[in-house]
Protein chains: 2
Amino acid sequence: MKQKDVKIPEATIKRLSTYINCLEKLDGDGYQVVSSDLLGESCQVSPAQIRKDLSYFGEFGVRGVGYGTRSLAEQIKKILGLDHIWTTVLVGVGHLGQALLNFTAFRQHGFRIVGAFDADPAKIGTVVSDGVVIEPVSALDDTIHREQAGIGIITVPAANAQETADLLVEGGITGILNFAPIKVRVPENITLRNVSILSELDNLAYLLSNRTRRRSRKKS
Amino acid sequence: MKQKDVKIPEATIKRLSTYINCLEKLDGDGYQVVSSDLLGESCQVSPAQIRKDLSYFGEFGVRGVGYGTRSLAEQIKKILGLDHIWTTVLVGVGHLGQALLNFTAFRQHGFRIVGAFDADPAKIGTVVSDGVVIEPVSALDDTIHREQAGIGIITVPAANAQETADLLVEGGITGILNFAPIKVRVPENITLRNVSILSELDNLAYLLSNRTRRRSRKKS
DNA sequence: TTCATATTGTGATAAGAATCACGCAACCGG
DNA sequence: CCGGTTGCGTGATTCTTATCACAATATGAA
């Protein structure tokens with residue numbers, strides 16, 4: 001087994017996340033062992049790609065046999081850092097925030113939302129999910145410290161995204177997931193991901209507008 | 001030179017979408033002309049990257065001067081196919097669906113949601129946004145035809161995502177944006193984008209897990 | 001006009017990611 | 001325990017994307 005410390009393609013990380021989902025589905029379907037062929041079929045990735053992705057991190061399969069379904073899922077979770085609880089706060093309890101608070105898959109992947117914050121005084125005190133009550137943004141700092149939260153999710157309107165990011169950083173958060181449709185800026189030492197839902201739709205529009213091109217060929 | 005026959009990188013399309021946002025911001029800030037340097041600064045992309053991205057589609061700037069802020073935004077919108085209305089339906093009016101229905105940026109980019117559908121009988125008839133009333137899923141086919149809808153957005157639970165996709169395809173939709181956390185399958189001639197919010201968080205977890213800490217190697 | 005300056009557009013090059021192809025390990029039936 | 005078959009792991013190869021560097025072109029001043 002070799003643990004390389006070469007740079008891992010971001011695309012690989014993205015795929016690993018989907019492998020987990022597919023593996024859990026296949027596990028539910030009764031497959032105790034899966035081949036890269038079967039897994040690839042299930043999540044629409046080439047078998048070689050899967051093996052290559054995994055090879056960045058070690059050897060998880062058995063030649064001539066395949067991968068243990070459950071065990072591979074566990075291994076990938078460990079690779080992604082999903083083998084422990086990520087304590088998370090969420091700022092901006094609009095519909096999107098509410099949607100994320102209720103998103104069970106988050107919990108299943110180890111993300112526990114311990115605080116929900118909103119600027120609207122009328123919302124303060126409302127119970128949003130199991131035991132989480134909406135707090136004013138002014139309480140952000142306290143809660144982050146008390147709960148030792150490491151991740152912050154931004155679901156406020158674009159206009160307030162940057163100030164929210166600043167508050168999270170100030171509070172001691174080290175990772176931020178930003179859903180507001182502008183790119184926020186954070187210090188070097190903070191890990192940030194901007195998620196642009198709008199650009200996904202834009203992308204779809206582009207694809208639809210230019211569909212004259214031939215689809216990529218499939219392997220036979 | 002006009003649009004070449006070359007394949008455009010998907011990453012380029014994604015960036016074009018963000019350029020629009022940045023250009024509109026800069027326009028609001030009073031810049032009538034922007035250089036690739038300024039735009040790059042604003043949206044955190046290298047100037048060369050911007051020029052290269054644009055060069056796939058033509059020449060939009062003036063050497064020694066820069067780009068007209070408004071006009072470049074317009075041009076990019078045209079490239080992405082955002083220069084006309086995309087008639088859209090949305091299935092699954094949970095919190096996420098509701099969030100998208102209220103998302104003003106969608107409308108600004110030309111996406112008009114003309115129908116909202118849900119399987120829950122209790123929700124039928126509720127007004128969700130300007131004049132849109134929640135309809136039963138059984139009405140999907142009719143509405144798609146009547147409104148000539150081209151795009152379908154899936155915001156139903158994972159368990160119902162595939163059947164929803166099938167219904168959309170059956171109804172005559174040509175493009176689908178799927179937010180359910182499983183990859184749905186559609187016929188060749190349908191354009192599909194799967195958006196995985198979960199994988200964004202997973203990705204963040206990975207980045208956080210591997211920031212300063214070098215992976216310890218195990219001896220077997 | 002001509003020079004100095006700004007900034008685009010793009011071919012060449014480098015970096016990065018996906019695919020291929022094959023060695024090799026594990027299982028199975030006889 | 002032997003030969004056939006399956007299917008992983010990975011170096012080599014191909015394909016894709018990003019970066020670089022500079023010629024080309026516009027502006028403004030003298």
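Throughout, a chain's letter reflects where its sequence line sits, starting with A, and its residues are numbered from 1. Everything numeric in this text was worked out from a predicted model, so none of it was measured.
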Q | Euclidean distance, atom OH of residue Y31(B) to atom C1' of dT7(C) [Å, nearest integer] | A | 16 Å

Q.
Of the listed nucleotides (dT8(C), dT10(D), dG9(C)), which one gets closest to any side-chain atom of S36(B)?
A. dT8(C)

Q) Side chains of T87(B) and Q148(B): closer than 4.5 Å at any heavy-atom pair? A) no

(Q) How many whole angstroms separate atom CD of E10(A) from atom P of dA18(C)? (A) 11 Å

Q. Would you call R15(B) and L54(B) a side-chain contact if the rule is heavy atoms closer than 4.5 Å?
A. no

(Q) Using whole Å, what does the distance between atom C1' of nucleotide dG9(C) and atom CG of L72(B) come to? (A) 14 Å

Q) What is the distance from CG of L54(B) to P of dT8(C), rounded to the nearest Å? A) 10 Å

Q) Which ring-ring contact (aromatic ring centres under 6.0 Å, His included) pairs, counting each pair once, include a residue from residues 63-85 of chain B, with sequence neighbours left out? A) H84(B)-W86(B)

Q: Starting from P on dT17(D), measure out to NZ on K14(B) and report it in whole angstrom.
A: 13 Å

Q.
Please report the distance, rounded to the nearest Å, between CG in L39(A) and P in dG9(D).
A. 12 Å

Q: Grab the CZ-P distance between F60(A) and dG9(D) for me, whole Å please.
A: 8 Å

(Q) Restricting to ring pair (Phe, Tyr, Trp, His ring centres under 6.0 Å), what partner residues turn up for Y31(A), sequence neighbours left out? (A) none

(Q) Can you build the contact string for nucleotides 18-26 of chain D? Use B for base contact, S for sugar-phosphate-only contact, and - for no protein heavy atom under 4.0 Å. (A) SBBB-BBBS

Q | Option among L100(A), I154(A), V156(A) that satisfies the side-chain contact (heavy atoms from CB on, under 4.5 Å) test with F179(A) | A | L100(A)

Q) Y67(A) has an atom OH; how far is it from atom C1' of dC8(D), in whole Å? A) 6 Å

Q: Taking the side chain as every heavy atom from C-beta outward, state whether L167(B) and E163(B) have any atom pair closer than 4.5 Å.
A: no

